[in-house]
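Written below as structure tokens is the structure these notes are about.
For this chain, numbers begin at 1 and follow the sequence in order.
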Amino acid sequence: MAIATYKDLCIDAAEPHALGAFWAGLLGWELNRHDDGDASLREGERVHVWLNRVPEPKTVKNRLHIDVDAESLDRATAAGATVQEELERWTVLRDPDGQEFCVFVRDEPVTRRFYELVWDITGGPDDAGRAAAWWSEVLGGRTGEQPGEFSWVEQVDGAPFESMVFVPVPEAKTTKNRVHIDVTTDDVRPLVALGARVLRGKGDGGLRWHVMADPEGNEFCAFTPD
């Protein structure tokens, strides 16, 4: 049984209003520009993405990135994305903030543009599998694997994407992730018992949520009832 529920995705940005306009056009959601300089992407009343202003620039490859389904690369490149690498099944691009994402060009009509959320996991396929199993225990969903390559969690309740994919990489995590997820839960103690760490507790400096890290060190925020 899941101990938390997927809430939304957060993206750090130098210019949230501009980056929000880019991602709104790419994902087909409504852009809301906030007076404090931040932004959000909504589908009806549901907020799917928060874009938060940060002072630090992007310095390393993102540990989490978005995969997008699209009819072509035209929508992304016309909005300011640049092509980094063309592969057989997908193309790696950078958004206007320099953050990596991948586009999968489909022949069939695209009905949901946010395809996957991809996590880099330091180590090998077994490490990626353990990360997938951990997040499956936290959020529910069904795990799967491509043996010797990568693992995934699909059917995550509340998620606007098909799956979370966990890919082994050789490099270690060195800085705060610029992309992270938020979850809701009744109590953070079961998360801690499962191996998460509290980096900043709710109420610290007026914080309205808990800033946490999973066993791989990936930050996420946990919202609990008031």
Any donor-acceptor pair under 3.5 Å from R106 side chain to A70 backbone = no

message = Quick check on the hydrophobic clustering: are V165 and I181 connected, directly or via other members, by side-chain heavy-atom contacts under 4.5 Å?
response = no

query = Is S136 reaching over with its side chain to a backbone N or O of G141, donor-acceptor style, under 3.5 angstrom?
reply = yes

Nearest heavy-atom neighbours spanning S151 and G129 = OG-CA, 3.3 Å

The single option from R200, R197, K173 passing side-chain hydrogen bond (donor to acceptor under 3.5 Å, both in side chains) against E219 = K173

inquiry  = Working note: V198 + V192, criterion side-chain contact (heavy atoms from CB on, under 4.5 Å); need CA distance, chi angles, decisive distance, verdict.
reply    = CA-CA 7 Å; V198 177; V192 173; 3.9 Å; yes

message = Walk me through whether E71 and R113 qualify under salt bridge (charged side-chain N to carboxylate O under 4.0 Å, His left out).
response = CA-CA 10 Å; E71 298 84 357; R113 296 187 176 275; 2.8 Å; yes

request  = To the nearest 0.5 angstrom, please state how far the CD atom of E100 sits from the CG atom of L93.
outcome  = 10.5 Å

inquiry  = What I'd like to find out is whether the side chain of E171 reaches to under 4.5 Å of the side chain of V60, using heavy atoms alone.
reply    = no

task = Mark yes when over 12 heavy atoms from residues, nucleotides or ligands other than R112 sit less than 6.0 Å from its CZ; otherwise mark no.
result = yes

Heavy-atom check, side chain of F114 versus side chain of L9, under 4.5 Å = yes

inquiry  = Could you work out, with salt bridge (Lys or Arg N to Asp or Glu O under 4.0 Å) as the rule, every residue matching K7, not counting sequence neighbours?
reply    = none

Please tabulate, for side-chain N and O atoms in residues 81-90, each donor-acceptor pair with protein atoms closer than 3.5 Å (sequence neighbours left out).
| from | atom 1 | to | atom 2 | distance (Å) |
| --- | --- | --- | --- | --- |
| Q84 | OE1 | R94 | NE | 2.8 |
| Q84 | OE1 | R94 | NH2 | 3.3 |

task = Quick one: sort the F161 and Y6 rings into parallel, tilted or perpendicular, breaks at 30° and 60°.
result = perpendicular

task = Could you tell me whether the side chain of T91 reaches within less than 4.5 Å of the side chain of V105, counting heavy atoms only?
result = no

ask   = Considering residues, nucleotides and ligands other than D204, do more than 12 of their heavy atoms fall under 6.0 Å from its CG?
value = yes

ask   = Short question: side chain of T185, backbone of I3 - any donor-acceptor pair under 3.5 Å?
value = yes

request  = Answer with yes or no whether the side chains of H65 and D67 bring together a donor and an acceptor at under 3.5 Å.
outcome  = yes

request  = Decide whether V118 and L64 are clustered together by the hydrophobic rule: side chain heavy atoms of Ile, Leu, Val, Met, Phe, Trp, Tyr closer than 4.5 Å, transitively.
outcome  = no

message = Under the ring-ring contact (aromatic ring centres under 6.0 Å, His included) definition, can you give me all pairs with a residue in residues 181-216, not counting sequence neighbours?
response = W209-F223

Pair F166 + W134: ring centers closer than 6.0 Å = no

request  = Kindly indicate, with the supporting measurements, whether the criterion side-chain hydrogen bond (donor to acceptor under 3.5 Å, both in side chains) is fulfilled by D97 and Q99.
outcome  = CA-CA 6 Å; D97 198 56; Q99 306 200 52; 3.1 Å; yes

query = What is the ring orientation for W135 with W119, classed by angle as parallel under 30°, tilted 30 to 60°, or perpendicular over 60°?
reply = tilted

key: Hydrophobic cluster identity match, I11 and V54, side-chain contacts under 4.5 Å   = no

inquiry  = Taking the ring of H48 and the ring of W23, is the distance between their centroids below 6.0 Å?
reply    = no

message = On a heavy-atom basis, which atom in T5 and which in L139 lie closest, and how many Å separate them?
response = C-CD2, 3.8 Å

request  = Decide whether W50 and D38 meet the rule of one side-chain donor and one side-chain acceptor closer than 3.5 Å.
outcome  = no

note = In this structure, CG of L117 is separated from CH2 of W152 (nearest 0.5 Å) by 16.0 Å

note = Minimal heavy-atom distance between D127 and R130, with the atoms involved, is OD1-NH2, 2.6 Å

task = Kindly say whether I121 contributes a backbone atom to a donor-acceptor pair with the side chain of E216 at under 3.5 angstrom?
result = no

task = Establish, from distance only, whether the side-chain atoms of R63 and T122 form a donor-acceptor pair under 3.5 Å.
result = yes

message = What's the separation between atom CD1 in I66 and atom CZ in F101, rounded to the nearest 0.5 Å?
response = 9.0 Å

key: Least distance between heavy atoms, P16 atom then N52 atom   = CG-C, 3.8 Å

request  = Please check if L194 and M164 belong to a single hydrophobic cluster, counting links between Ile, Leu, Val, Met, Phe, Trp and Tyr side chain heavy atoms closer than 4.5 Å.
outcome  = yes

query = Salt bridge between R42 and D8, side-chain N to carboxylate O under 4.0 Å?
reply = no

ask   = From L27 CG over to Y115 OH, what is the distance, rounded to the nearest 0.5 angstrom?
value = 15.0 Å

note = Rounded to the nearest 0.5 Å, the OG atom of S40 sits from the CG atom of L51 at a distance of 8.0 Å

request  = Would you indicate whether the side-chain heavy atoms of K202 and D226 approach each other to under 4.5 Å?
outcome  = yes

query = What's the spacing between D36 CG and R53 CZ if we round to 0.5 Å?
reply = 8.5 Å

query = Which atoms form the tightest heavy-atom contact between L19 and A13, and what is the distance?
reply = CD2-CB, 3.6 Å

task = Please name the pair of heavy atoms, one in A24 and one in L41, separated by the smallest distance, quoted to 0.1 Å.
result = CB-CD2, 3.7 Å

query = Under the 3.5 angstrom rule, does the side chain of H17 hit a backbone N or O of H34 as a donor-acceptor pair?
reply = yes

